[in-house]
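First comes the structure, then the notes that go with it.
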Amino acid sequence: MDRKEFEKRFAAARRAVIERDFADLNEMQRRSVMATEGPLLLLAGAGSGKTTVLINRIANLIRYGRASDSDEVPEEAGEAELAALEEEAGKTGEVPEEVRELCGLDPVEPWRIIAITFTNKAADELKTRLEKKLGPGAQDIWAMTFHSACVRILRKSVEVLGISPKFTIYDSADSAAVMKRVLRELNMDEKQFPPKQVLSVISRAKDRLQSPADFEAAAEKAWDPRQKYIAKAYREYSRRLLSADALDFDDLIYYTVLLLRDYPEVRGEWQRRFRYVLVDEYQDTSNLQYLLAAMLAGERENICVVGDDDQSIYRFRGATIENILSFENRFRDARVIKLEQNYRSTGHILGAANSVIRNNSERRGKNLWTAAGEGEKLVLHVAEGDDAEAEFVAETILNAVAGGMRWSDFAVLYRMNVQSNRLEYAFKRLAVPYKVVGGTRFFDRAEIKDITSYLAVVNNPADDLRLLRVINNPPRGIGETTVERLRTAAGAERRPILDVAADAGRYPELKSAAGKLMGFISLIMELRSLAETLTLEEFYDALLEKTGYMEALGDSDEALARKDNIMELKSNIVNYAAGAETPSLAGFLDEIALYTDLDSVDVGGESVILMTVHSAKGLEFPWVFLVGMEENLFPSGRSTNSEEELEEERRLCYVALTRAKKRLILTAARRRLLFGHTTANAVSRFVEEIPDEHIDRPAEPRMGGGFIREPDPDFLEFSYRESRREDRRGQDMGAYRGYGRRGSFSGGAAAPRPAPKRTVSGPAPLPELSAGDRIRHRAFGEGTVVSVTSMPGDALLTVDFGGTQKRLMLKAAGAFITKI
DNA sequence: ATCATAACGCTTTTT
DNA sequence: GCGTTATGAT
């Protein structure tokens, strides 16, 4: 056998052995895993197992390197090795380690692989699954979000750009606060230049790699006065962030791209480091993110992107579907593999989704299919009003749960967050446990921002924004006038405010406040030195004490809830310290800056999940209710002017439909109260796009619907009468945890509502209950608490009264309950 | 400084 | 309709 013949057989046998290692994948999935070299575009439909592919692809790289995609045979391989491989190729099951080594061709070290995702949640899932498959070595893989990858790169290499590697990260609220300030000082009217809009123009500019100067030049050239104003704002905004050593979310990527573009040594360093680049959710990448990925991949072009053009729903934030549509133009010789087999949904659900998305013209074209059965047809329910719609959803869930389903089997999806109100109301009345995802978030709460601002100032004293937030909080006699003078002086000299405050004696206008300022300075200095000696946990406690923050809160009910949140933040710190390799204050601040509440969505919990369609991307549920399927709502009234926007809405609808595994129920309301007006909308065009073979529509749409059952009067009795009652006491139950909207944490901590006028005298304190407690109920007698489930602003009790279980809302029934 | 009232304005929002 | 924010009064 000549060498050529030998190599051919060797490569074939090797490929067969590797294929055996990935035998549990389908044909297309396996091809995606084995095509390791060069640019690869993976068009992965919803539910087609793309994370599985990503995991196995990485496993392949680490085990076999480029062996599955190459005909190269190692010099030292001989007849004996070939015989061993050919024998192994015929077997099935796990490939033994020594055979793997025989097959390997430049196996990749884990730290040479970077897998970029959009959300922390996706990154975490990737990490967990990689570790499960590959063991502890998987920790060295860079599985992280675009933003955290950039933070890591910048912390190491950003100094050449003249930015301190200890930079602080500003979140959107911080950016907005700075921008408001800038606009005010430039005398730009907030009506004419809404801060958020200005920020978004700047964001687009950065996406085009335009610096403030570039932007200004473009505005000059275009003779566009409005753009010229915005250019000024852009310049000033950037100046402030840089002088505070702060980067906003966009900057993290923008500066990383500049760094790699303009500094060949830095670029080379990172390109040598990463041999393989993988990008998840590629349809949602912006131009900058594309540039980043492409630059990291370098000339090797070992770049694999996974995406679904039909699920691109963030165009409005700068994502460009162009990235996926023109991948092959940008990377010559790119291979394209489509994953079209869906493992999630039934035939009817996929049929409906396909028939909707077919109406889009801007797509690469792809048809999902399933080997699972047809399943049940979709159902369209048209309710009379939005209240009836919400009730229908709650009732249907109650019935299904009575039939053995679990609360967590259901998700209710809507287009806009406001739509959750009606649903929440109905769910509370009918005692359906639920969780709302999105809305006001833990890290947006005032007390959390206060404490993290202290942490930020200790970490970076140049952070003027955070400094101003805490300089007189708790009150220490540094009033508005002093702050204003500080700001002016600091602005004029382009120095950090803290420096100016330390020199207060030198400024006549600050003389009178110098003593108080010195007090504040020494507080910060003391904290800075404590931060160097104490552990994070000890430091946190010291900070609360030295600043007097906790003490100043007092002990009102609201303050107690705030204190609870502050302690919750502490457990975040403790958690972080326990998990990080080298815990540091800076590291913790990075973590929380890039963290969102969505990451803590507990889909496994025993509650129905309520969220927007956007938040639902990437998730799946046995039953999905898609509510508000009306024109002007979904598609949104603002999107019906342009075909592009309408197509984005349609993709959004496609995302919603493909979340369902078993059953999909669409609802619409004839009348809906929206923005204070009652509107009457036609059923959504998207519903009309679903053919009758996949959906049951009401023959003659009428009030109500077939299967609404009568509410159980037992638990409604109190709800109806008492549901308006507001008690803020006693809701701090141990079991009652979780992030949600509107201060669900402790019964309205962050959004305290004024107590409504009562005809009844003062409220009776609510008992604190947990599972196992014995109680006496005024109407039902003695019982045992079976479970306590948190619900936003309330809690659901399941109580066993001598054999019969009843479900009661704590707020409504609490007044009738005593603990025994 | 803290509260109350008026005024506005309003898709979606991975970081 | 509701929730956030700006402004003014005590």
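Keep in mind that this is a model prediction, so the values were computed, not measured. Every chain is numbered from 1, with letters handed out A, B, ... down the list of sequences.
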### Gap between atoms CG and P, on A:L626 and B:dT12 respectively (whole Å)
15 Å

### Task
Mind calculating the distance between CZ (A:R415) and P (B:dC10) to the nearest angstrom?
16 Å

#### Entry: Centroid distance under 5.5 Å and plane angle under 30°, A:F146 vs B:dT15
no

### Message
Enumerate the side-chain hydrogen bond (donor to acceptor under 3.5 Å, both in side chains) contacts for residues 185-203 of chain A, please, sequence neighbours excluded, ordered by first and then second residue.
### Response
A:R181-A:E185, A:E185-A:R240, A:S203-A:D250

### Residues from residues 189-204 of chain A lying under 4.0 Å of DNA chain B - heavy atoms
A:K191

### Task
Could you state the atom-to-atom distance from CZ of A:R315 to P of B:dT14 in whole Å?
19 Å

### Message
Mind checking if A:Y314 touches a base, just sugar-phosphate, or nothing, with heavy atoms under 4.0 Å?
### Response
base

### Query
Base, sugar-phosphate, or nothing: which does A:T612 touch, judged by heavy atoms less than 4.0 Å apart?
sugar-phosphate

### Task
Measure across A:S48 and A:G45 and return the closest heavy-atom pair with its distance rounded to 0.1 Å.
OG-O, 2.7 Å

### Task
Return the value, rounded to whole Å, for the distance between atom CE of A:M416 and atom C1' of C:dG1.
12 Å

### Summary
Within residues 645-653 of chain A, the residues having a heavy atom closer than 4.0 Å to DNA chain B are A:E645, A:E649

### Task
Could you tell me whether A:R685 sits above the aromatic face of A:F634, with NZ or CZ closer than 6.0 angstrom to the six-membered ring centre and within 45 degrees of the axis?
no

### Query
Which part of the nucleic acid, if any, lies within contact of A:D284, taking any heavy atom under 4.0 Å across all strands shown: a base, the sugar-phosphate backbone alone, or nothing?
base

### Query
Contact class for A:D590 vs. all strands (heavy atom < 4.0 Å): base, sugar-phosphate, or nothing?
nothing

